[in-house]
Amino acid sequence: MADLASRITKPEDAPAVSAPETAPETQIDGGEELGTGLVQSAFDVEIKLSDLQNDTESPLFSVSTFEELGLSKEINDGLLAMNFKKPSKVQERALPLMLSNPPRNMIAQSQSGTGKTGAFVLTVLSRVDLTKPTQPQALLLAPSRELARQIQGVVMNIGQFCKDLIVEAAIPGAIARDGAVKGSVVVGTPGTVIDLIRRKQFDVSQLKVLVIDEADNMLDQQGMGEQCVRVKALIPKSTQILLFSATFPDKVMTFAEKYAPNANQMKLRHTELTVKGISQMYMDCPDEQKKYEVLCKLYGLMTIGSSVIFVRTRQSANEIQRRMEADGHKVSVLHGAYEGGDRDALLDDFRTGRSKVLITTNVLARGIDVSSVSMVINYDIPMKGPPGKEEPDSETYLHRIGRTGRFGRVGVSISFVYDRRSYQALTQIANFYGIDLIQLSPDDWDETEKKVQDVIKSSRAKPDYAPSAVAKV
Ligand SMILES: Nc1ncnc2c1ncn2[C@@H]1O[C@H](COP(=O)(O)OP(=O)(O)OP(=O)(O)O)[C@@H](O)[C@H]1O
């Protein structure tokens, strides 16, 4: 099998090989054969956040408690029930700014899996007047139905002691054609929300807060930007606008600042964006066809909890599923060609661990929070732009790998490269974030297994995993 270095010239600044750091002291070991060719991880994880949350350099660090942030008793009880003991940095810093009066807009950036959802959900729950339970007062927009449903779940969980809280989903199929949106909090996708407002099923006249999660993606003019502009035009001018994401490319940030004028801001530099708990690796595959063999070998060898395989197209997702199933692996596939109900059931199966491997496209690259995910495979390096003018998609890379390593956990990402173009694309992404990638070779499976297992058998990142991110408010 040819070495990548012998096929292409490795640039000076190519990802360097480095040994993964581990946190073995947090692990209680174990493993269980599933008889599917895949091995289920049965690590009983001891979750110990306190070390990370006491480290000033960690995005999970904070000096205060939730009580000190002045939240209501009902909300604090909800946080307690969810075992949220201390706020993360984005929660501690952004909340006081978002809750102050008169309300001011906010643009907040924080690494993947560091509690942005909690930050805006706490704001929403603090702002709604529950004496008007069916009057929409807060609208939360997300790019996919899966993320909208997930956020709806978080609002309901944190708000479980808030009497009369009704949280509606405005996603395709959720509201009957002649029905009305009757909840104080509404979580939806932009197209459905616009339809509901236009058909007068959704009264937005009393909205106080608009949250846009994954805001760089949502406001991108190539994507849902136009729809978000239309939503803004339909709601009261006084609505407080909160924009959240792990990534804000400069171009989109300029637009975000217009969309949410005079906003308080929490920004990070590119080099502060990666989560150190995620060991980023790459697999040097001999050629494109062999990528599939490498994938099967990985799954045949490893003890992996849950994992996500990202591919470029729906067709290749289906094809990999067909081949993996024919080879005896149990996998699920989810992409935009599936109907809403099927998508919900597929993701629910993955969340509950009924299925352990999810093959998907960029539709699930952002926001999805399944803490048991210990490995992410970039089967195809994410690219953006029109055919012929494609360039590496650094933002999507970061969001994809961010499906693991959630809130201080550890995980592995493995990006497959097989030729000069894919190698250069990955190199460009690594340089953008200033990261060192760990090289894996399909010629040395003992070493590959060791490098991967050393990381995923541990549970939490050590405090010194955390990036040197200091949010500037
Ligand atoms: N203060 C906290 N204490 C403990 N766990 C928390 C806290 N805040 C959030 N979490 C948990 O951390 C995980 C990640 O949070 P969340 O999904 O909000 O991340 P995010 O920053 O929105 O990530 P992404 O950029 O991927 O959307 C969730 O499982 C959430 O329940």
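Residue indices begin at 1 and follow the sequence shown. Atoms within each ligand, like the ligands themselves, are counted from 1 in listed order.
- Judged by distance alone, the side chains of E257 and Q265 do bring a donor and an acceptor atom under 3.5 Å apart.
- A side-chain donor from one of D216 and S245 sits under 3.5 Å from a side-chain acceptor of the other.
- Where the criterion is an N or O separation shorter than 3.5 Å, residue side chain and backbone included, Q91 meets it with respect to ligand 1.
- The side chain of R403, and not its backbone, has at least one atom closer than 4.0 Å to an atom of ligand 1 (non-hydrogen atoms only; side chain from C-beta on).
- Contact check on K208 versus D129 returns no salt bridge, with no Lys/Arg side-chain nitrogen under 4.0 Å from an Asp/Glu carboxylate oxygen.
- Taking every non-hydrogen atom of G367 and a distance limit under 4.0 Å, the qualifying atoms of ligand 1 come out as 26 (O), 27 (O).
- At least one heavy atom of G113 sits closer than 4.0 Å to an atom of ligand 1.
- Paired with R366 under the rule side-chain contact (heavy atoms from CB on, under 4.5 Å), one option of R400, M218, E146, E214 passes, and it is E214.
- With sequence neighbours left out, the ring-ring contact (aromatic ring centres under 6.0 Å, His included) criterion links F310 to no other residue.
- Judged by distance alone, the side chains of E68 and T65 do bring a donor and an acceptor atom under 3.5 Å apart.
- Numbered from 1 in the order shown, with element, the atoms of ligand 1 that lie under 4.0 Å from a heavy atom of T114 read 19 (O), 20 (P), 21 (O).
- Residue contacts with ligand 1 do not include F244, since none of its heavy atoms lies under 4.0 Å from the ligand.
- Between M82 and ligand 1, no N or O atom pair is found at a separation short of 3.5 Å.
- Using a 4.0 Å cut-off between heavy atoms, T117 contacts ligand 1 through both its backbone and its side chain.
- With a heavy-atom cut-off of 4.0 Å, F120 does not touch ligand 1 at all.
- For F416, the ring-ring contact (aromatic ring centres under 6.0 Å, His included) partners are Y379, not counting sequence neighbours.
- Atoms of ligand 1 lying under 4.0 Å from at least one heavy atom of F66, given by number and element, are 1 (N).
- In K116, the parts holding a heavy atom less than 4.0 Å from any atom of ligand 1 are both the side chain and the backbone.
- Residue contacts with ligand 1 for E214 involve side-chain atoms from C-beta outward but no N, CA, C or O (heavy atoms, distance under 4.0 Å).
- Using a 4.0 Å cut-off between a side-chain N of Lys or Arg and a carboxylate O of Asp or Glu, D213 and K116 do not qualify as a salt bridge.
- If you number the atoms of ligand 1 from 1 as listed, the ones under 4.0 Å from a heavy atom of Q111 come out as 21 (O).
- Here's the thing with D369: one of its N/O atoms is less than 3.5 angstrom from an N/O atom of ligand 1.
- Using modelled atom types and a 3.5 Å distance limit, the side chains of N362 and H399 yield no donor-acceptor pair.
- F161 does not carry K73 over the face of its six-membered ring by the limits of under 6.0 Å from the centre and within 45° of the normal.
- Interface atoms of ligand 1 facing K86, defined by a heavy-atom separation under 4.0 Å, are 1 (N), 2 (C), 3 (N).
- For a threshold of 3.5 Å applied to N or O pairs, the pair formed by R406 and ligand 1 contains at least one separation below that value.
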